[in-house]
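Okay, so here's the structure we're looking at.
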Protein chains: 2
Amino acid sequence: MKNDKVNRKIKYTKMVLKESFIRLLKSKDISRITITEICEEADINRATFYAHYKDQYDLLKQIEQELVDDINRYLANYSFHENGSESLQLMEQIFEYIKENSEVCSVLLSESGDKNFQREVLSIVQHQCITEWTRKNVNKDIAEYLYSYATNGSIGIIQRWLREGMDRSTMEMAELILKMTDQGLSAFV
Amino acid sequence: MKNDKVNRKIKYTKMVLKESFIRLLKSKDISRITITEICEEADINRATFYAHYKDQYDLLKQIEQELVDDINRYLANYSFHENGSESLQLMEQIFEYIKENSEVCSVLLSESGDKNFQREVLSIVQHQCITEWTRKNVNKDIAEYLYSYATNGSIGIIQRWLREGMDRSTMEMAELILKMTDQGLSAFV
DNA sequence: ATTATTTATGAACAAACTGTTGATTTTATA
DNA sequence: TATAAAATCAACAGTTTGTTCATAAATAAT
């Protein structure tokens with residue numbers, strides 16, 4: 001086919017641009033990073049950048065989307081045992097994924113990272129939780145608030161874990177998050 | 001004294017710059033806001049801006065610091081009854097403050113806002129919690145993680161509350177947060 | 001009320017980044 | 001090898017930045 005081959009060159013260009021960008025993101029905020037800078041670091045012509053991306057923020061968005069897709073593919077490969085601990089297994093797999101891709105994740109999931117993106121990652125798990133919650137008859141009136149609490153809390157834990165150099169096992173972390181969530185929830189059943 | 005009077009003009013300059021900046025922050029991300037733009041909106045010479053602030057980020061930092069100071073002053077005026085529900089009262093007062101200053105808070109406490117600043121606001125309360133936690137002999141090993149969870153979760157709830165137009169009473173919100181935190185904690189005592 | 005001091009203004013500056021264009025060269029594949 | 005796609009290069013006007021300095025305005029002190 002045509003497109004597959006055309007993409008070879010494009011793929012290289014996009015790859016080096018992304019790498020250069022992630023490298024820069026480690027040392028400074030996205031707002032301080034110029035397109036000129038990204039291109040110099042990647043040794044790619046600036047006009048070529050504009051052929052693929054609108055600006056830094058567009059580049060970031062594309063990187064994030066690819067990560068979400070990748071996580072979903074990763075989780076799809078994993079078949080869950082139907083023994084009631086699906087949430088735990090799913091959560092552990094997410095921690096596994098983050099660990100395997102800690103370089104990118106440390107940047108994208110950091111505090112300065114895009115919150116909506118982080119929420120999207122977490123929602124992969126929380127979807128599962130929500131159904132469990134409704135099964136448990138959680139007070140629907142405040143369910144939204146509890147959801148905000150749990151999601152943001154979980155992101156906070158992941159961020160700390162990454163900051164601390166992933167000092168605990170993925171299983172330990174998955175258990176920690178689910179324990180907190182379930183317990184906190186139980187006050188409103 | 002000298003400085004008190006000199007500040008009259010400076011105070012006005014800083015005030016209009018801040019107002020202009022907050023107004024702009026409502027419609028776009030800080031990274032898209034130019035100093036030129038802030039000055040035009042405030043009708044202040046650009047050279048004057050540089051006399052007071054390094055850039056937009058410096059301006060934001062100063063606004064945040066003033067808010068933290070203001071919250072602390074606000075809380076200092078409030079004398080707490082020593083009946084064991086200090087945390088609840090303190091938390092409610094914070095919600096009260098946010099409500100009274102919802103215009104600025106909606107911007108500064110939003111998702112796009114500075115996370116370190118938000119943590120600082122919350123830490124005013126959490127300090128109190130921490131002492132209660134250690135009294136309860138929470139597993140110190142994971143206390144840090146629980147703290148991350150609780151703080152980020154609480155911020156998430158506040159953000160949702162502001163987004164929803166402060167649809168619930170401050171007391172209700174304070175109770176919600178403390179209930180979640182205490183309950184989640186109880187799994188690790 | 002007048003003088004002295006502080007602060008704000010306006011204009012000008014080089015430097016950097018932006019976003020776009022069109023002509024040209026490189027690269028991949030058919 | 002021919003052809004189509006992609007990357008490069010140079011040039012462009014337009015904007016923002018950060019700084020400087022002379023001048024004007026506002027404020028404080030005498």
Side-chain angles (χ1 to χ4, degrees), chain A residues 1-66 107 112-114, chain B residues 1-66 107 112-114:
Chain A
M1 249 177 79
K2 205 168 79 184
N3 256 353
D4 283 0
K5 298 303 178 182
V6 168
N7 283 350
R8 273 191 198 165
K9 219 197 300 188
I10 296 182
K11 265 183 181 169
Y12 172 78
T13 301
K14 288 192 165 187
M15 187 192 71
V16 287
L17 282 174
K18 282 175 207 159
E19 283 176 357
S20 151
F21 182 54
I22 292 288
R23 221 174 300 133
L24 288 167
L25 266 179
K26 284 181 188 168
S27 63
K28 56 173 105 173
D29 189 84
I30 184 170
S31 61
R32 309 280 189 181
I33 298 173
T34 65
I35 291 160
T36 303
E37 202 175 5
I38 299 170
C39 294
E40 270 174 8
E41 174 100 6
D43 197 26
I44 292 291
N45 193 277
R46 202 160 53 85
T48 309
F49 179 97
Y50 285 109
H52 296 294
Y53 308 103
K54 196 174 151 282
D55 52 26
Q56 317 98 290
Y57 301 91
D58 185 39
L59 172 55
L60 177 63
K61 205 181 284 177
Q62 290 198 31
I63 294 177
E64 288 174 346
Q65 189 52 55
E66 279 164 33
V107 174
S112 51
D114 175 11
Chain B
M1 245 176 81
K2 206 168 77 182
N3 257 352
D4 284 359
K5 299 301 179 184
V6 168
N7 283 349
R8 272 192 200 167
K9 220 198 302 188
I10 295 183
K11 264 184 181 169
Y12 171 79
T13 300
K14 288 192 166 188
M15 186 192 69
V16 287
L17 282 174
K18 282 177 209 158
E19 284 176 355
S20 152
F21 182 54
I22 293 288
R23 223 174 299 132
L24 288 166
L25 266 179
K26 282 181 189 168
S27 64
K28 56 174 105 176
D29 190 84
I30 183 171
S31 61
R32 310 279 190 182
I33 299 173
T34 65
I35 292 160
T36 304
E37 202 174 7
I38 299 169
C39 295
E40 271 174 7
E41 175 99 4
D43 197 26
I44 292 291
N45 193 279
R46 202 160 52 84
T48 310
F49 179 97
Y50 286 109
H52 295 294
Y53 308 103
K54 196 174 151 284
D55 52 27
Q56 317 99 290
Y57 300 91
D58 185 39
L59 172 54
L60 177 63
K61 204 180 285 178
Q62 290 198 30
I63 294 176
E64 289 174 346
Q65 189 52 54
E66 278 164 32
V107 174
S112 50
D114 175 11

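Keep in mind it's a predicted model, so treat the numbers as computed, not measured. Below, chains carry the letters A, B, ... as their sequence lines are ordered, and counting in each starts from 1.
When rounded to the nearest whole Å, the span between CD1 of I10(A) and C1' of dT8(D) equals 15 Å. Protein atom CD1 of I44(A) is 5 Å distant from nucleotide atom P of dT8(D), rounded to whole Å. The CZ atom of R46(B) sits 9 Å away from the P atom of dT16(D) (whole-angstrom rounding).
Checking the phosphate oxygens (OP1, OP2) of dT7(C), no side-chain nitrogen or oxygen of H52(B) falls inside 4.0 Å. Residue T36(B) places no side-chain N or O under 4.0 Å from the OP1 or OP2 atom of dT15(D). In this model, the phosphate group of dT29(C) is approached by a side-chain N or O of R8(A) to a distance below 4.0 Å at OP1 or OP2.
Which of dG10(C), dG18(D), dA7(D) sits closest to the side chain of T48(A) comes down to dA7(D). The side chain of K9(A) approaches dT27(C) more closely than any other nucleotide in the set dA11(D), dT27(C), dG18(D). In the set dT17(D), dC9(D), dT9(C), dC9(D) carries the atom at the smallest distance from any side-chain atom of A47(A).
Note on T34(B): only backbone sugar-phosphate atoms sit closer than 4.0 angstrom, heavy atoms only; bases stay farther off.
The two residues A42(B) and V16(B) make their nearest non-hydrogen contact at CB-O, 3.6 Å. Across every non-hydrogen atom of L60(A) and L25(A), the tightest pair is CD1-CD1, 4.2 Å. Residues H52(A) and D58(A) share a closest heavy-atom pair of O-OD2, 4.2 Å.
With respect to K28(B) and E37(B), a salt bridge is recorded, a charged nitrogen being found less than 4.0 Å from a carboxylate O.
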